[in-house]
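Structure first, then comments.
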2 protein chains.
Amino acid sequence: MDTKSLCLGALSLGDATGYEIKKIFEEGSFSHFYDAGYGSIYPALNKLLADNLVTCIEIEQEGRPAKKVYSLTDAGLAALKADLSKKPMRDKMRSESITMMFFGHLLEKPHREEILQSYIEYFRDGCDCIENIDPTGQPNGRRFARGLGLAVYEAAATYLEENKDLLLSDDKAGAETNVAEVTGDAA
Amino acid sequence: MDTKSLCLGALSLGDATGYEIKKIFEEGSFSHFYDAGYGSIYPALNKLLADNLVTCIEIEQEGRPAKKVYSLTDAGLAALKADLSKKPMRDKMRSESITMMFFGHLLEKPHREEILQSYIEYFRDGCDCIENIDPTGQPNGRRFARGLGLAVYEAAATYLEENKDLLLSDDKAGAETNVAEVTGDAA
DNA sequence: TTGACAGTATATCGAAACGATATATATCAA
DNA sequence: TTGATATATATCGTTTCGATATACTGTCAA
């Protein structure tokens, strides 16, 4: 499951350009679970083309540069199915916001509050964005992804809202390693 | 917020070796939000050493090769605080499991069920793991991260359990692009 | 009417991270 | 005694990230 498979998967839904492939995963309910940049997609498409897993037709356009529309080949569909039959790797996530909160004792309170507030908004915006997607008529896989995304974002937003005092208040218990630093540090 | 900052943050909690730094983020409530491999940590420590943001003392050990214990310098602490004062990047996550479900119409039902079941277990195990961490005496930042991790994992596991039929049943509505393929494809 | 801005579309580059692997030793259980 | 697990450092090739360049279109306001 790398960018090559992601492109194959996108093309299994219909022919597309590299730009459109990015849009598929950028918009809609899916962007929260996987995304890839052009720096990954275009090289991936070139490799797929070299391996005859996709074909490409250049469509000339008036004025604009030609667009390259990619299509899945039979071999490409087989390769995709083979890849989907593998065991998925465990989820990976990277949250700089939470990492910063982890070291919250080194941050000034106003900045902590600022980060936390924009983090809450980030999840609330995510909820709104997902809710605006109409699931009717979509295949089950996409309905499922939409629902899961919504459930997780809602849970995160709610937790953040209900527990923000935990981060905004000063440490009282614990932090035995840093007691000296905390008391002596006003920078 | 890259691996260098992650190492500085770890060292702000106390001196450590590269191996121990990995352990800090691998175990405990934090592993779900950020992790780094040795292929990132050791080069990061070398760069930090070159920039005088950390110091290193080699401790000889009987039999075993010498261990390198790193310590944060004043400049290192300043650099960490400077980095923490920046606006965090938005969360990134990559879920191969959900990506596979997104293309679920190409998967055989037993395999779909298998992936889904191990995905549920993955989140339930995650919940158990987090619940086993005693939050008492820990600084607020870590208590917060623990609670958020638990809330999100719980929400994901619950959603998966309650909606798995959505993936295990066949598509009835929608999928207008693939109708021909679906009906003609039993491979 | 022009100029700024957003959108469409392809492409590349250096830096960073990933995943696997190698090395060496100790300990503990089957 | 074989195998597994833990401690500990390190590298290597591949992949991905993020930023940027190019170039044309449409649009909306000053």
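Computed from heavy atoms alone, side chains included, the values below leave out hydrogens, waters and symmetry copies.
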* Asked: A:Asp2 side chain: which of C:dG19, D:dG18, D:dT15 is closest?
  -> D:dT15
* Asked: Is the distance from OP1 or OP2 of C:dG19 to the nearest side-chain N or O of A:Lys92 less than 4.0 Å?
  -> yes
* Asked: Would you say C:dT10 has OP1 or OP2 under 4.0 Å from some side-chain N or O of A:Tyr42?
  -> yes
* Structure fact -> In whole angstroms, the gap separating P of C:dT12 from NZ of A:Lys22 amounts to 18 Å
* Donor-acceptor under 3.5 Å (B:Thr17 side chain, B:Val69 main chain) -> no
* Smallest separation among heavy atoms of B:His105 and A:Ser12, with atom names -> NE2-OG, 4.2 Å
* Counting heavy atoms from C-beta on, name the nucleotide in C:dC18, D:dC17, D:dA10 closest to the side chain of B:Lys68. => D:dA10
* To do: May I have the distance from A:Tyr38 (atom OH) to D:dG18 (atom P), rounded to whole angstrom?
  => 14 Å
* Looking at every strand, decide which applies to A:Gly39 at a 4.0 Å heavy-atom threshold: base, sugar-phosphate, or nothing. => base
* Within the structure, does a side-chain N or O atom of A:Thr3 lie under 4.0 Å from either OP1 or OP2 of D:dT15? -> no
* Asked: When the distance from CZ of A:Arg94 to C1' of C:dA16 is rounded to whole Å, what number comes out?
  -> 10 Å
* Asked: So is A:Lys68 actually on top of A:Tyr70's ring, under 6.0 Å and inside 45° of the axis?
  -> no
* Structure fact -> A:Glu58 atom CD is separated from C:dA9 atom P, nearest whole Å, by 14 Å
* To do: Check whether any side-chain nitrogen or oxygen of A:Thr17 sits under 4.0 Å from OP1 or OP2 of C:dT8, and answer yes or no.
  => no
* Residue closer to the 5' end of DNA chain D, A:Ala44 versus B:Tyr70 (nearest nucleotide) -> B:Tyr70
* To do: Measure from the side-chain heavy atoms of A:Pro43 and tell me the nearest of C:dT12, C:dA9, D:dA8.
  => C:dT12
* Take atom CG in B:Asp128; do more than 12 heavy atoms of anything else shown fall under 6.0 Å from it? -> yes
* **Presence of B:Tyr19 side-chain N/O under 4.0 Å of D:dT9 phosphate oxygens OP1/OP2** => no
* To do: Return the value, rounded to whole Å, for the distance between atom NZ of B:Lys23 and atom C1' of D:dA8.
  => 10 Å
* Asked: If you check the B:Lys47 side chain, which of C:dA9, C:dT10, C:dA16 turns out closest?
  -> C:dA16
* Asked: Cation over ring, B:Lys67 on B:Tyr19, under 6.0 Å and within 45°?
  -> no
* To do: Not counting sequence neighbours, list each pair that qualifies as a salt bridge (Lys or Arg N to Asp or Glu O under 4.0 Å) and has a residue in residues 87-102 of chain B.
  => none
* Asked: Using a cut-off of less than 4.0 Å, is there contact between a side-chain N or O of A:Ser40 and OP1 or OP2 of D:dC17?
  -> yes
* Structure fact -> A:Met93 atom CE is separated from C:dA17 atom C1', nearest whole Å, by 17 Å
* Of the nucleotides D:dA10, C:dA9, D:dG18, which one has an atom closest to the side chain of B:Met89? -> D:dG18
* Rounded off to whole Å, could you give me the CD1-to-C1' distance for the A:Ile21 and C:dT10 pair? => 13 Å
* Structure fact -> Here the distance between atom P of D:dG18 and atom CD of A:Glu26, to the nearest Å, is 13 Å
